[in-house]
Amino acid sequence: MAPLPDFEALRKTDWTPFDAPSLVGKSLRFVSGDPQGKRFRLRYFRDGKNDLVALAWFGEETEGPPGHAHGGSMAAVLDEVLGLAAWAAGHPIVVGNLNIHFRKLLPLESVAQVDTEVVSVKGRKVLVRGRLTDGKEGLYAEADCLCIRIL
Ligand SMILES: CCCCCCCCCCCCCC(=O)SCCNC(=O)CCNC(=O)[C@H](O)C(C)(C)COP(=O)(O)OP(=O)(O)OC[C@H]1O[C@@H](n2cnc3c(N)ncnc32)[C@H](O)[C@@H]1OP(=O)(O)O
């Protein structure tokens, strides 16, 4: 079993911890529901621009290609984080469309960073863009997430 990821060491100085899942209650069990488990462990923050950012550890149970995360596991993380980015910006939504480009294999038991940006709001439609990276130059995936306001 790998050691617990050191989220504090990876946290940037202008990030503030933010309990994004609490915006929608206790329902987000698939990704955020087992923070000590072998699948995903996530921590949420607001960055210096007040956008939502997450650190996401991909455990051994997210395996797809040998030693690397399944694309569906990356999609699950992007679905939750980008959806919550809209909630964190004040838009109660569900995700209507999630379009992902997978750019690079993501090694198991590593921590990835998800940066988000709300790029437009048109009526009930909120477009959120996200990047899943190694926190430096390495881009694992990028996504456009069309969220639809429900309340
Ligand atoms: C308190 C409540 C708690 C709730 C907790 C939620 C937690 C979520 C947390 C988030 C993290 C977890 C994330 C998750 O896991 S969220 C879970 C995954 N998402 C779902 O399961 C969503 C299922 N789908 C739906 O519920 C409905 O289809 C929605 C609500 C999305 C729309 O059905 P509705 O009948 O209401 O709307 P409408 O058809 O009148 O369309 C309205 C406008 O939107 C446009 N459009 C719609 N769909 C699409 C599409 N696919 N592509 C492109 N465009 C689309 C449409 O053209 C129209 O545009 P315009 O003609 O006005 O220009």
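Atoms within each ligand, like the ligands themselves, are counted from 1 in listed order. Since this is a predicted model, take the numbers as computed values, not measurements.
Defined by atom type and a distance below 3.5 Å, a donor-acceptor pair is missing between the side-chain atoms of Lys136 and Gln113.
The nearest heavy-atom contact from the protein to atom 32 (C) of ligand 1 is Ile148 CG2, 4.2 Å. The shortest contact between atom 1 (C) of ligand 1 and any protein heavy atom is with Leu151 CD1, 4.1 Å. For atom 50 (C) of ligand 1, the closest non-hydrogen atom of the protein is Gly96 O, 3.9 Å. If you check which protein heavy atom lies closest to atom 30 (C) of ligand 1, you get Val94 CG2, 3.7 Å. Ranking the protein heavy atoms by distance from atom 40 (O) of ligand 1 puts Arg124 NH1, 3.6 Å first. Of all protein heavy atoms, the one lying nearest to atom 4 (C) of ligand 1 is Ile150 CD1, 3.9 Å. Protein heavy atom in closest approach to atom 14 (C) of ligand 1: Asp79 OD2, 3.3 Å. Closest protein heavy atom to atom 5 (C) of ligand 1: Trp87 CZ2, 4.1 Å.
Ionic pairing of Arg131 and Asp115 is not present here: no N-O contact between side-chain nitrogen and carboxylate oxygen is shorter than 4.0 angstrom.
Per-atom contact check: atom 35 (O) of ligand 1 does not touch the protein, criterion being a heavy-atom distance below 4.0 Å. Atom 21 (O) of ligand 1 is never approached by the protein to below 4.0 angstrom, counting heavy atoms only.
Each of the atoms 52 (N), 53 (C), 54 (N), 55 (C) of ligand 1 lies under 4.0 Å from some heavy atom of Leu146. Against a heavy-atom cut-off of under 4.0 Å, Lys125 is close to the following atoms of ligand 1: 44 (O), 45 (C), 59 (O), 60 (P), 63 (O).
Residues Leu42 and Glu80 are in side-chain contact: their nearest non-hydrogen atoms beyond the backbone lie under 4.5 Å apart.
Under a 4.0 angstrom heavy-atom cut-off, Ile93 registers as being in contact with ligand 1.
With rounding to the nearest 0.5 Å, the separation of CZ in Arg11 from CG in Leu55 is 10.0 Å.
Ring orientation note: the planes of Phe58 and Phe40 are nearly perpendicular, at an angle over 60° on the 30°/60° scale.
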